[in-house]
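Counting starts at 1 for both ligands and their atoms, in listed order. Position 1 is the first residue of the sequence, and the numbers go up from there. Since this is a predicted model, take the numbers as computed values, not measurements.
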Amino acid sequence: MTVRAPITPDVLTVPRKESSSNGRINLLGLSWDKLFKTLVQAGTPERQARMRSRQVWQWMYHWGVRDFAAMTNLSKAYRAMLEERFVISLPEVVRRQVSADGTRKLLVRIAGGHEVETVYIPEEDRGTLCVSSQVGCTLTCSFCHTGTQKLVRNLAPDEIVGQVMLARDDLGEWPEPGIGSGETGPRLLSNVVLMGMGEPLYNFDAVRDAMKIVMDGEGIALSRRRVTLSTSGVVPEIARTATEIGCMLAVSFHATTDEVRNQLVPINRRWNIAELLDALRAYPKLSNSERITFEYVMLKGVNDSDEDARRLVKLIRGIPAKVNLIPFNAWPGAPYERSDQSRIRAFADIVHKAGYASPVRTPRGEDIMAACGQLKSDTERARKSRAEVLGEAGLA
Ligand code: SAH
Ligand code: SF4
């Protein structure tokens, strides 16, 4: 069986020049270094460019300002130059839905007319934004709605960090320039998880650049411990998550034998459980208290037995881990059912008794199809064929 090769961001990422902005370059999503170089190319003397890029950076990401005219610590002439050559352009929110439980789902339109979903989940002690990294996905996990949609393209860094900024807009959470620093009290948007549409490690560079902005002290300034990247198990890219991004890692584990994991998470046919665990054992951590999150979707009669739970704790022995149990979220045509509550409890108990935290994730936003694995852009018609899905799951 063949798992399709990852498609590189270069092929799929749209050019940065915005046709709607008369060829002006979008500054959003540029790394520190690229922003500096871009300002130098626009004629800023090198000795000034460091300071200027820092100022523009702070306006964009700390204060949420998009109008150059409002960047009052820059000279009028410099602001005019910026206005002439650049834009700060975010993707557009085309639909906003609010669930009975307060979860908010934004449908975000990106260049080319494509759409992705971003979900904000308020909890008592935090507010988590679930961010997408691709339109669709190359992979075909058989329990995931996104997996039924073809990969349309990778998101560019501005489209990824733009989701965080749009959510802050929606929450009205930008500090007011000259008044607050924005650091008083708990933040409404305090955590970011790359658990929306797509496989973040197949769009590594863009995800890295965007998360660097999210974690930058002079940018959006979330602590690295509050940013989690979830992967289905792209083994060769796992170590880079620690060394180049430095955020927390979650792995979609979901099964305790290769036979079952091949069907649920077909990338397992390329890198099996043993190889995945080796990569996780070798995962570089900045501190001893950091744990890897093992995500485990609870599918009735498929992966939820006591035996599975016992196998799971054996497999992960020696890895600083926590196990996040996710009750399956149904979607139209899904071939699985959610495990019963009592089964989930029994499974969680075994994992817990073995010494691992085993929280059960409460499904959020189900009424607006915003729960884990339910995201999919309705407007994207390119569906994987049945043969393609079954073939990749080894069921053809
Ligand atoms: N592509 C990445 C991140 C996006 S999916 C990955 O696979 O890890 C985020 C999490 O939701 C993953 O653990 C995924 O396996 C899980 N998930 C997908 N579909 C689901 C569903 N229908 N019900 C519950 N969880 C699901
Ligand atoms: Fe893609 Fe993740 Fe869904 Fe698998 S679970 S199809 S990797 S988005």
Exercise. Using a strict 4.0 Å threshold on nitrogen-to-oxygen distance, state whether Glu237 and Arg240 make a salt bridge.
Key: yes
Quiz item: Are the charged groups of Asp101 and Arg364 less than 4.0 angstrom apart, N to O?
Solution: yes
Practice problem: Please confirm whether Gly198 comes within less than 3.5 Å of ligand 1 when only nitrogen or oxygen atoms on both sides are compared. | Solution: yes
Self-check item: Those atoms of ligand 1 less than 4.0 Å from some heavy atom in Cys144
Solution: 18 (C), 19 (N)
Quiz item: Of all the heavy atoms in Gly196, does at least one lie under 4.0 Å from an atom in ligand 1?
Solution: yes
Self-check item: Side-chain (Ser190) to main-chain (Arg126) donor-acceptor, under 3.5 angstrom
Solution: no
Quiz item: Out of Ser132, Gly198, Gly147, who gets a non-hydrogen atom closest to atom 2 (Fe) of ligand 2?
Solution: Gly198
Quiz item: What atoms of ligand 1 come within less than 4.0 Å of a heavy atom belonging to Trp331?
Solution: 22 (N)
Quiz item: What about Glu295: any of its N or O atoms under 3.5 Å from an N or O on ligand 1?
Solution: yes
Exercise. Only heavy atoms count here, so choose which of Ser133, Gly136, Cys144 is nearest to atom 3 (Fe) of ligand 2.
Key: Cys144
Practice problem: List every atom of ligand 2 that sits less than 4.0 Å from any heavy atom of Ser232, numbering the atoms from 1 in the order shown and giving each element. | Solution: 7 (S)
Quiz item: What atoms in ligand 1 come closer than 4.0 Å to a heavy atom of Ile326?
Solution: 24 (C), 25 (N)
Practice problem: Report the C-alpha separation of Asp306 and Arg343 in whole Å, then their side-chain angles, then the decisive distance to 0.1 Å, and conclude whether the salt bridge (Lys or Arg N to Asp or Glu O under 4.0 Å) test is met. | Solution: CA-CA 9 Å; Asp306 285 354; Arg343 184 86 299 275; 2.8 Å; yes
Quiz item: For the salt bridge (Lys or Arg N to Asp or Glu O under 4.0 Å) test, which of Arg95, Lys105, Arg96 pairs with Asp170?
Solution: Arg96
Self-check item: Partner of Val116 by side-chain contact (heavy atoms from CB on, under 4.5 Å), out of Val135, Ile160, Val152
Solution: Val135
Practice problem: Identify whether the distance between the nearest side-chain nitrogen and carboxylate oxygen of Glu366 and Arg338 falls below 4.0 Å. | Solution: yes
Practice problem: Check each atom of ligand 2 against the heavy atoms of Cys137 and keep those under 4.0 Å away; list them by number with element. | Solution: 1 (Fe), 6 (S), 7 (S), 8 (S)
Quiz item: Does some non-hydrogen atom of Tyr336 fall short of 4.0 Å from ligand 1?
Solution: no
Self-check item: Contact with ligand 2 for Ser252, non-hydrogen, under 4.0 angstrom
Solution: no
Quiz item: So is Cys141 in contact with ligand 1, going by heavy-atom distances below 4.0 Å?
Solution: no
Practice problem: Inspect the contact between Arg79 and Glu83 and indicate whether a charged nitrogen and a carboxylate oxygen are less than 4.0 angstrom apart. | Solution: no
Exercise. Enumerate the atoms of ligand 2 whose separation from the nearest heavy atom of Leu139 is less than 4.0 angstrom.
Key: 6 (S), 7 (S)
Exercise. Verify the distance test for Cys141 against atom 3 (Fe) of ligand 2: any N/O/S atom under 2.8 Å, yes or no.
Key: no
Quiz item: Any idea which atoms of ligand 1 are less than 4.0 Å away from a heavy-atom of Ser252?
Solution: 6 (C), 7 (O), 8 (O), 12 (C), 13 (O), 14 (C), 15 (O)
Exercise. Indicate yes or no for a side-chain donor-acceptor contact from Ser230 to the backbone of Val251 under 3.5 Å, with no hydrogens or angles considered.
Key: no
Exercise. For His254, take its heavy atoms, then give the atoms of ligand 1 lying under 4.0 Å from any of them.
Key: 13 (O), 14 (C), 15 (O)
Quiz prompt | Thr231, portion touching ligand 1 at heavy-atom distance under 4.0 Å | solution = backbone
Practice problem: Examine Met248 and Val131 and state if one hydrophobic cluster contains both, with Ile, Leu, Val, Met, Phe, Trp and Tyr joined whenever side-chain heavy atoms are less than 4.5 Å apart. | Solution: no
Self-check item: Cys137, Cys130, Ser230: member with heavy atom nearest to atom 3 (C) of ligand 1
Solution: Ser230
Self-check item: Contact check, Met197 vs ligand 1, heavy-atom distance below 4.0 Å
Solution: no
Self-check item: Salt bridge flag under 4.0 Å for residues Arg66 and Asp169
Solution: yes
Practice problem: Output yes when Arg52 and Glu46 qualify as a salt bridge under the 4.0 Å nitrogen-oxygen rule, no when they do not. | Solution: no
Quiz item: Is any N or O atom of Asn329, backbone or side chain, closer than 3.5 Å to an N or O atom of ligand 1?
Solution: yes
Exercise. Test Cys141 against every option in Val265, Val297, Asn268 by the side-chain contact (heavy atoms from CB on, under 4.5 Å) rule and name the one that passes.
Key: Val265
Exercise. Examine Phe328 against ligand 1 and note whether any of their N/O atoms are separated by less than 3.5 Å.
Key: no
